[in-house]
Amino acid sequence: MLNITLPDGSQRQLPDGATGYDVAASISEGLARNALAVTVNGDVRDLHRPLPDNATVSILTWNDTAGKSTYWHSSAHLMAEALEALYPGVKLAIGPAIENGFYYDVDLGEGRSISSEDFPEIEKKMLELAKHKSRYERKDVSKADAIAYFTEKQDPYKLELIDGLEDGQITFYTQGDFTDLCRGPHIPDTGTIKAAKLMNVAGAYWRGDEKNKQLTRLYGITFPKAKDLAEYLERLEEAKRRDHRKLGKELKLFAFSEKVGAGLPLWLPKGTALRERLEQFLRKAQVKAGYQPVVTPHIGSKELYVTSGHYEKYGADSFQPIKTPNPGEEFFLKPMNCPHHCEIYKTEPRSYRDLPVRYAEFGTVYRYEQSGELHGLTRVRGFTQDDAHIFCRPDQVKEEFKKVIDLVLYVFKNLGFEDYTAQISLRDPENKTKYIGSDENWALAESAIQEAAAEKGLPTVTEYGEAAFYGPKLDFMVRDALGRRWQLGTIQVDYNLPERFDLEYVAPDNTKQRPVMLHRAPFGSLERFVAVLIEHCAGNFPLWLTPEQFIVLPISDKYIDYANEVKAQLEQRDLRGTVDARDERIGRKIRDAEMAKLPYLLVVGEKEAQDKIISVRKHGEGDLGSMPLDAFVKSVQSQIVEAY
RNA sequence: GCCGUUUUAGCUCAGUGGUAGAGCACUUCCUUGGUAAGGAAGAGGUCAUGGGUUCAAAUCCCAUAAAUGGCUCCA
């Protein structure tokens, strides 16, 4: 008999050779029907593999992340089977599950390609094959046999993968006529795959190395119910509606011009209003937090970047130098603000008593991003960082980190970002030599970050080997409408620049010591932040931030004077908005204002002009009835205060 | 930078080798209208740019640029 522990701690006894399926069946018939896989002591396994004794087993269904991912991995095999049927001779590379669905990298061979027009045929074939309810059969294979199989099949990619595997650890999975090298696990059979959709085709390098051959990557997604697919597609549509590139154009926030140059955004008046309000918001918070604003030029001499090391590392791949009438004199557009701030630090001798020194600047920087990398406002070639550099003693790092975390969270809270992740990036413990700075300082900084995050109760994930060569960091990531993760806020420790710029302070014992430098940017950059903010709130910005809080809509041109009076009075009370004085009917004006996502529409006609009141309509909510101006102002102001 | 796709009026898009189209926006006129599109007329385009094929190119081919989905990259 086997002793099995369930996740709730309860125990069950099953006969020897029992499988995850048997466990599910012993719980309920429905669970057995919906089970896709199991976890055995935390590892995901096939549902029909015999269980070991004394294992903790939990049943995975479509509702578990690991269940979904197994399902999609199996779906990748199904797609591969369909591709082999439709494109004989196709070579398969790798086909994992991803966050939403799966992909398979394939080599179609010379002269063949797949486009989105071919998707329906592949989807049809997948569903046709799925109907066979083929079991995913697992088989242990010796390395020699595995090599023989894929040599016969002439698949160089699988052979290369096998080359890296240990004999005795190699398994094949077969469903129907399709056999793949695979560690598994898989769902029991193809019968649960009821809806399949190919999403996208793209190029991808074999093993992610751009020196290698480029393969065709087919992205797909499958579902156990057709309805789930429909809902998923609807969500994607919603994401497209929120896309900051679309809304940025529609709401007249920013634009690009081919003539100005790729990746160089033009901020339109409304976008500028939004951006400047964000700047003001942070400026205020930073003054309170002890930062001193500074301003530095947009260019710096070559020597500055030779000192910082950026010239050597990035000079050739970046914007090229600006020449002057003096032969040999060269300036660079600044790719970051740190070197300038280091020079500010150096303008006077520093005592340990002066530290920390915090210099903040909304610094516009220019980086020549690869052309294929440019993306709306999230990845551009000219952008403004809400940058600051903190110069402090090693023993102050933790305290400073905590203060910056507070600032970042303050920003996120006021803008309604709740779904963020915080990532601590540390050294690769296997390879400490590629990092600059002493072991001791690194250890100090790394534990300072971890402790600061823990003391602030910040949920974090820790990634080893993700630190910059010059120091560990803490990044805040927020998702965009399509679920892509973007780094916004960042806090980084830097041991490199203080060294290169020979920064010093005088310690209590009158010795010269090296300060630690922290880079930090709660927004990351205003461009990226605004992009993510647009998608986050679907263009319905918080009231305190939105470029126009109200629009006055006169019923006819007889009431334009009163409308202007309303506007003037509201402006005196620090609200901002406009009057729609067009010769249009009220229905049209309301429609246009709703489409422009203006928060408050103030309708004024005969009644309102006579009684000196306004009719208030709130975006997305409808008519709130009429009220005196004072009542409206009070209600709006209370909402703005609440937001802070 | 690499692979795929795209580029037609201010915007969204139709137009598969034979004289460039629609809706919205814009201008003018009519309309003075009470909570999501009032009516009419008008103006607006080197079909991204440069080459090529053809009697003839928005349409086919090549190059370049930009956008876009990925990959690689991201101080």
Side-chain angles (χ1 to χ4, degrees), chain A residues 98 103 105 113-117 199-219 243 245-246 249-250 252 255-264 305 308-315 317-318 334-339 365-376 378-381 385 468-471 473 482 484 486-487 490 492 494 496-497 519 524-525 528 553-560 582-596 601-608 615-626:
Chain A
I98 52 176
Y103 67 78
D105 284 349
S113 68
I114 289 182
S115 78
S116 50
E117 284 162 28
M199 301 306 296
N200 203 359
V201 55
Y205 301 104
W206 167 236
R207 305 211 135 170
D209 187 335
E210 64 180 317
K211 289 183 199 73
N212 285 340
K213 177 157 185 176
Q214 188 149 27
L215 306 172
T216 303
R217 176 169 295 179
L218 282 164
Y219 288 88
D243 191 313
R245 293 166 299 186
K246 179 175 178 292
K249 200 184 269 182
E250 287 173 5
K252 301 188 180 179
F256 288 91
S257 150
E258 222 172 289
K259 221 167 218 165
V260 172
L264 300 170
Y305 299 107
S308 72
H310 296 112
Y311 179 78
E312 195 190 356
K313 207 158 186 271
Y314 299 102
D317 298 325
S318 198
K334 69 175 172 188
M336 77 283 296
N337 306 297
C338 342
V365 299
Y366 298 90
R367 300 178 185 178
Y368 192 77
E369 302 290 354
Q370 293 184 24
S371 57
E373 278 314 315
L374 301 174
H375 180 93
T378 48
R379 198 75 186 274
V380 288
R381 285 179 172 161
Q385 295 179 309
F469 74 93
Y470 52 78
K473 57 182 181 167
L482 291 166
R484 282 177 298 222
W486 292 96
Q487 180 202 309
T490 179
Q492 309 185 359
D494 190 337
N496 181 39
L497 290 180
H519 309 253
S525 79
R528 184 176 288 178
L553 309 179
I555 299 267
S556 82
D557 57 12
K558 285 186 232 155
Y559 312 108
I560 289 179
R582 292 177 304 165
D583 175 19
E584 292 291 352
R585 293 182 189 203
I586 194 67
R588 159 49 71 96
K589 291 184 185 181
I590 286 171
R591 178 184 154 81
D592 289 348
E594 289 280 357
M595 301 279 280
L601 321 189
L602 311 178
V603 178
V604 296
E606 192 181 354
K607 278 193 304 235
E608 290 80 6
S615 277
V616 180
R617 181 187 165 111
K618 194 169 182 182
H619 172 71
E621 289 181 25
D623 199 348
L624 301 184
S626 53

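Below, chains carry the letters A, B, ... as their sequence lines are ordered, and counting in each starts from 1.
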Please give the distance between the P atoms of B/G51 and B/G21 as a whole number of Å.
26 Å
On the ring face of A/Tyr366, is A/Arg381 found with NZ or CZ under 6.0 Å from the centre and within 45° of the axis?
no
Do the non-hydrogen side-chain atoms of A/Met336 and A/Ser308 ever get within less than 4.5 Å of each other?
no
In Watson-Crick or G-U wobble terms, both distances under 3.5 Å, what is the partner of B/A25?
none
Answer with base, sugar-phosphate or nothing: what part of the nucleic acid does A/Gly625 contact at a heavy-atom distance below 4.0 Å?
nothing
So which nucleotide does B/U54 pair with, by the Watson-Crick or G-U wobble rule with both distances under 3.5 Å?
none
Watson-Crick or G-U wobble partner for B/A14, using a 3.5 Å limit on both distances?
none
Measure the distance from CD on A/Glu369 to P on B/A66 and round it to the nearest whole Å.
14 Å
Ranking B/A75, B/A67, B/C71 by distance to the side chain of A/Leu374, first place goes to B/A67
With heavy atoms under 4.0 Å as the rule, sort A/Tyr219 into base, sugar-phosphate or nothing.
sugar-phosphate
Interatomic distance, A/His519 NE2 vs B/C74 P [rounded to whole Å]:
16 Å
Any heavy-atom pair between the side chains of A/Val616 and A/Leu602 that's under 4.5 Å?
yes
Residues A/Glu608 and A/Ser615: side-chain donor-acceptor under 3.5 angstrom:
yes
To the nearest 0.5 Å, how far apart are CG in A/Leu374 and CZ in A/Phe256?
8.5 Å
List the protein contact pattern of nucleotides 28-39 of chain B with one symbol per nucleotide (5' to 3'): B for base contact, S for sugar-phosphate-only contact, - for none; contact means a heavy-atom distance under 4.0 Å.
--BBBBBBBBB-
Any-strand Watson-Crick or G-U partner of B/C2, both distances under 3.5 Å
B/G70
Work out how far the C1' atom of B/A9 is from that of B/G45, and round it to whole angstrom.
5 Å
As its Watson-Crick or G-U partner within any shown strand, both distances under 3.5 Å, B/U59 has none
Should B/A65 form a Watson-Crick or G-U wobble pair with both distances under 3.5 Å, which nucleotide is its partner?
B/U7
Taking B/A65, B/A67, B/A75 as options, the one with an atom nearest any side-chain atom of A/Glu258 is B/A65
If we take the C1' atom in both B/C11 and B/C26, what is their distance in whole Å?
12 Å
A/Leu215 CG to B/G4 C1': how many Å, rounded?
14 Å
Nearest whole Å is fine: how far is B/A25 C1' from A/Glu250 CD?
13 Å
Would you classify A/Tyr470 as touching base, sugar-phosphate or nothing, given that sugar-phosphate means primed atoms plus P, OP1 and OP2, and contacts are heavy atoms under 4.0 Å?
sugar-phosphate
Side-chain contact check for A/Arg379: nearest option of B/C71, B/C73, B/A75 is B/C73
Using the C1' atom on both, measure B/C61 against B/A40 and round to a whole Å.
47 Å
Integer-rounded Å distance: B/C24 C1' and A/Lys252 NZ
12 Å
From CH2 of A/Trp486 across to C1' of B/C74 the rounded distance in Å is 10 Å
Using the P atom on both, measure B/C55 against B/U12 and round to a whole Å.
38 Å
N/O to N/O distances under 3.5 Å, protein versus nucleotides 10-14 of chain B:
residue: B/U12; atom: OP1; partner: A/Lys249; partner atom: NZ; Å: 2.9

May I ask you to verify if any side-chain N or O of A/His375 is less than 4.0 angstrom from the OP1 or OP2 atom of B/C74?
no
What integer number of Å spans the P atoms of B/C24 and B/A67?
31 Å
Could you state the atom-to-atom distance from CZ of A/Arg381 to P of B/A65 in whole Å?
11 Å
Report which part of the nucleic acid A/Gly524 touches: base, sugar-phosphate, or nothing (heavy-atom distance under 4.0 Å, all strands).
nothing
Taking atom C1' in both B/G39 and B/G33, compute the distance separating them and give it to the nearest angstrom.
13 Å
Could you grab the distance from atom CG of A/Asp243 to atom NZ of A/Lys249, nearest 0.5 Å is fine?
10.5 Å
Does any non-hydrogen side-chain atom of A/Glu606 lie less than 4.5 Å from one of A/Ser556?
no
If we take the C1' atom in both B/A20 and B/A58, what is their distance in whole Å?
8 Å
Interatomic distance, A/Arg217 CZ vs B/G70 P [rounded to whole Å]:
11 Å
Determine whether any donor atom in the side chain of A/Tyr205 lies under 3.5 Å from an acceptor atom in the base of B/C2, or the reverse, and answer yes or no.
yes
Heavy-atom check, side chain of A/Asn337 versus side chain of A/Val365, under 4.5 Å:
yes
Salt-bridge test for A/Glu594 and A/Arg617: reply yes if a basic N is under 4.0 Å from a carboxylate O, no otherwise.
yes
Could you identify the nucleotide paired to B/C47, looking across every strand shown and requiring Watson-Crick or G-U wobble geometry with both distances under 3.5 Å?
none
Do A/Tyr305 and A/Lys334 have side-chain heavy atoms sitting under 4.5 Å apart?
yes
Answer whether the closest heavy-atom distance between the side chains of A/Tyr470 and A/Leu497 falls below 4.5 Å.
no
Contact between A/Trp486 and A/Arg528 at the side-chain level, heavy atoms closer than 4.5 Å - yes or no?
yes
